[in-house]
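From a predicted model like this one, the values you see are computed outputs, not experimental measurements. Note that ligands are numbered from 1 as they come in the structure, with each ligand's atoms numbered from 1 the same way. Numbering of residues begins at 1 and proceeds along the displayed sequence.
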Amino acid sequence: MPSILVTGALGQIGSELVPALRQRYGAEQVIATDLKVLPPSGAAALAPYGHLDCTEAHQLHEAVSRYDVGTIYHLAALLSASAEAAPQLAWSVNMSGLYNVLEVAREYGCRVFFPSSIGAFGPETPRDATPQVTIQRPTTIYGITKVAGELLCDYYAHRFGIDTRGLRLPGLISYVAAPGGGTTDYAVEMLYHAVRYASYTCFLSADTRLDMMYMPDAIAAMMDLMEAEEARLRYRNAYNVTAMSVTPAEIAEAIRRHIPAFTVDYEIDPVRQAIADSWPRSLDDGAARADWGWAPRYDLDAMTQDMLARLKDKLAAARGR
Ligand code: NAD
Ligand code: AKB
């Protein structure tokens with residue numbers, strides 16, 4: 001069976017996607033790669049693991065031919081806030097990286113998963129029940145690379161017959177790996193701080209409404225989309241998916257049902273607030289539900305309960321070491 005290559009595998013998504021893929025398809029079948037160079041013990045624990053910079057086309061060619069790769073989950077990218085701080089680097093990683101992945105996929109006939117984002121929308125997009133097909137004129141470099149990425153994946157599908165598929169993911173909430181420089185990171189930080197300190201200073205305003213999703217739902221969405229029957233997919237890049245549309249105040253309220261003393265104050269970061277204000281408040285994910293059976297398992301309360309329990313265990317284990 002051809003193997004699966006994951007780029008950016010050490011990030012927030014890859015840290016949970018790789019184990020899930022390995023559980024479903026076999027540990028040896030899933031090649032984890034990232035820009036980060038791990039010490040030998042770390043690389044051995046994650047084996048098969050290799051250093052791979054997606055902006056270096058020859059490194060992708062070597063990995064794909066060496067491991068007989070049939071599917072690439074291309075996660076490597078700079079997220080919205082990091083991208084805004086380094087737009088030139090973001091263009092290089094997000095666009096050249098994707099172009100290199102698509103070119104190697106064309107040459108070797110690989111399937112490709114591309115994670116787009118709610119960041120692919122902009123201030124002119126309808127902000128409530130944002131349709132699957134609508135205006136996409138983002139004002140961030142992150143969003144520009146995501147829209148261009150969606151179009152490039154569509155182009156490779158139509159022009160070269162490459163099986164590219166993608167999701168417009170909302171902010172992801174998880175406890176395994178920390179988020180990597182996004183605007184929605186506040187949600188994860190708030191849950192960590194609730195368990196550690198029972199207080200949090202939020203960088204978005206209390207009423208900033210954005211789509212979110214718990215990581216187990218996101219992992220299921222990626223794998224289910226890649227396994228969906230091709231003939232059923234009306235869209236390739238990329239399907240709107242969401243699990244909850246929430247504000248910082250609402251997450252804080254959900255946390256207070258478990259930690260009544262939890263308090264939040266607000267110190268707005270103008271850069272991240274402007275990014276959030278340019279994104280949808282809630283997505284319409286009807287196309288994903290109709291075409292390949294998308295249905296999230298975790299709403300705000302279910303996510304909060306599970307996250308708090310997992311974080312308490314994680315922090316207790318860390319203290320015990
Ligand atoms: P992350 O920042 O946590 O991880 C990205 C990984 O990519 C890091 O481990 C980093 O070392 C690696 N990387 C950076 N430059 C690289 C390069 N040149 N070559 C190879 N690897 C490189 O990101 P994530 O949250 O895991 O997101 C993965 C993908 O999903 C990204 O495309 C992101 O835009 C998308 N996405 C994420 C979210 C979210 O909330 N996490 C939401 C929507 C879309
Ligand atoms: C970010 O905030 O940049 C990401 C995303 C929604 O794409 N979490």
Side-chain angles (χ1 to χ4, degrees), residues 5-18 32-38 46 49-57 59-60 63 72-86 89-101 112-121 138 140-150 153 166-174 176-189 203-204 208 210-215 217-219 221-222 237-243 269 271-276 278-280 283:
L5 181 84
V6 181
T7 71
L10 298 180
Q12 189 191 6
I13 296 179
S15 300
E16 300 195 45
L17 179 64
V18 167
T33 69
D34 199 283
L35 185 63
K36 291 176 192 149
V37 180
L38 292 179
L46 259 180
Y49 174 82
H51 166 262
L52 192 159
D53 180 348
C54 67
T55 65
E56 298 288 345
Q59 294 185 10
L60 275 161
I72 304 172
Y73 282 79
H74 178 47
L75 304 181
L78 263 63
L79 274 72
S80 57
S82 304
E84 222 43 58
L89 179 65
W91 181 263
S92 166
V93 175
N94 295 14
M95 288 316 305
S96 302
L98 176 62
Y99 173 76
N100 290 339
V101 164
V112 175
F113 173 78
F114 170 67
S116 187
S117 160
I118 52 173
F121 298 111
T140 62
I141 189 68
Y142 179 65
I144 291 165
T145 65
K146 289 302 182 187
V147 178
E150 290 183 9
C153 288
L167 298 172
R168 292 187 189 123
L169 292 165
L172 300 182
I173 299 174
S174 68
V176 174
T183 302
T184 58
D185 295 8
Y186 86 82
V188 180
E189 288 176 8
F203 58 76
L204 295 185
T208 304
L210 292 169
D211 285 288
M212 298 277 175
M213 186 182 292
Y214 197 28
M215 191 61 87
D217 279 333
I219 300 299
M222 290 178 232
N237 281 276
Y239 276 96
N240 286 1
V241 283
T242 184
D269 169 13
V271 174
R272 286 179 286 187
Q273 185 67 53
I275 294 173
S278 76
W279 288 356
L283 295 188

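With hydrogens and angles disregarded, a donor-acceptor distance shorter than 3.5 Å links the side chain of D34 to the backbone of L10. Under a 3.5 Å cut-off, the side chain of T33 and the backbone N or O of V6 do form a donor-acceptor pair. N94 places a side-chain N or O within donor-acceptor distance of the main-chain N or O of L78, the cut-off being under 3.5 Å. Looking at E84, its side chain does come within 3.5 Å of a backbone N or O of I141 through a donor-acceptor pair. Panel note: side chain T242, backbone L283; no donor-acceptor pair is recorded below 3.5 Å. Of the possible donor and acceptor atoms, none in the side chain of N100 sits under 3.5 Å from a partner among the backbone N and O of G97. A donor-acceptor pair under 3.5 Å is formed between the side chain of T7 and the backbone N or O of A76.
Near I118, meaning under 4.0 Å from one of its heavy atoms, ligand 2 places the atoms 6 (C). The atoms of ligand 2 that sit less than 4.0 Å from any heavy atom of S80 are 1 (C), 2 (O), 3 (O). Residue contact check: L52 has heavy atoms under 4.0 Å from atoms 19 (N), 20 (C) of ligand 1. Remark: ligand 1 atoms within the under-4.0 Å shell around heavy atoms of S116 are 43 (C), 44 (C).
Atom 23 (O) of ligand 1 has its closest protein heavy atom at L79 CD1, 3.2 Å. For atom 26 (O) of ligand 1, the nearest non-hydrogen atom of the protein is I13 N, 2.9 Å. Among protein heavy atoms, the minimum distance from atom 19 (N) of ligand 1 is reached at C54 N, 3.0 Å. Nearest protein neighbour of atom 8 (N) of ligand 2, counting heavy atoms only, is T184 OG1, 2.8 Å. If you check which protein heavy atom lies closest to atom 4 (C) of ligand 2, you get L79 CD2, 3.7 Å. Considering only non-hydrogen protein atoms, atom 36 (N) of ligand 1 sits nearest to Y142 OH, 3.8 Å. At the top of the distance list for atom 7 (O) of ligand 1, counting protein heavy atoms only, stands G8 CA, 3.4 Å. Of all protein heavy atoms, the one closest to atom 5 (C) of ligand 2 is S117 OG, 3.5 Å. With hydrogens left out, the protein atom closest to atom 5 (C) of ligand 1 is A77 O, 3.9 Å, a heavy atom. Of the protein's heavy atoms, L75 O, 3.2 Å lies nearest to atom 29 (C) of ligand 1. If you check which protein heavy atom lies closest to atom 4 (O) of ligand 1, you get G11 CA, 3.2 Å.
Counting heavy atoms under 4.0 Å from ligand 1, residue T7 does not touch it at all. Neither the backbone nor the side chain of L172 has any atom closer than 4.0 Å to an atom of ligand 2 (non-hydrogen atoms only). The backbone of P170, and not its side chain, has at least one atom closer than 4.0 Å to an atom of ligand 1 (non-hydrogen atoms only; backbone = N, CA, C, O).
Residue D34 places at least one N or O, backbone or side chain, under 3.5 Å from an N or O of ligand 1. Considering backbone and side-chain N/O atoms, D185 never comes within less than 3.5 Å of an N/O atom of ligand 2. In terms of N/O distances under 3.5 Å, ligand 2 is approached by Y142. Remark: ligand 1 and K146 share an N or O pair separated by less than 3.5 Å (distance only, no angle test). Of the N or O atoms in P179, none lie within a sub-3.5 Å distance of an N or O in ligand 1.
The residue among L172, T183, D53 with a heavy atom at the shortest distance from atom 18 (N) of ligand 1 is D53. With atom 2 (O) of ligand 2 as the reference point, the heavy atom nearest to it among V188, I275, T183, D211 is part of T183. Residue P115 holds the heavy atom nearest to atom 35 (C) of ligand 1 of all those in S82, S96, G97, P115. The residue from Q12, H74, M212 that puts a heavy atom closest to atom 3 (O) of ligand 1 is Q12.
I275 and S278 get closest at one heavy-atom pair: O-OG, 2.7 Å.
Residue contact annotation: F114 has no non-hydrogen atom under 4.0 Å from ligand 1.
The aromatic rings of F113 and Y73 lie tilted to each other, with the angle between the two planes from 30° to 60°.
Once rounded to the nearest 0.5 Å, the distance linking CG of L79 with CD of Q12 reads 8.0 Å. One distance of note links CG of D217 with CE of M212; it measures 14.5 Å at 0.5 Å rounding.
Between R272 and Y186 there is no side-chain heavy-atom pair separated by less than 4.5 Å.
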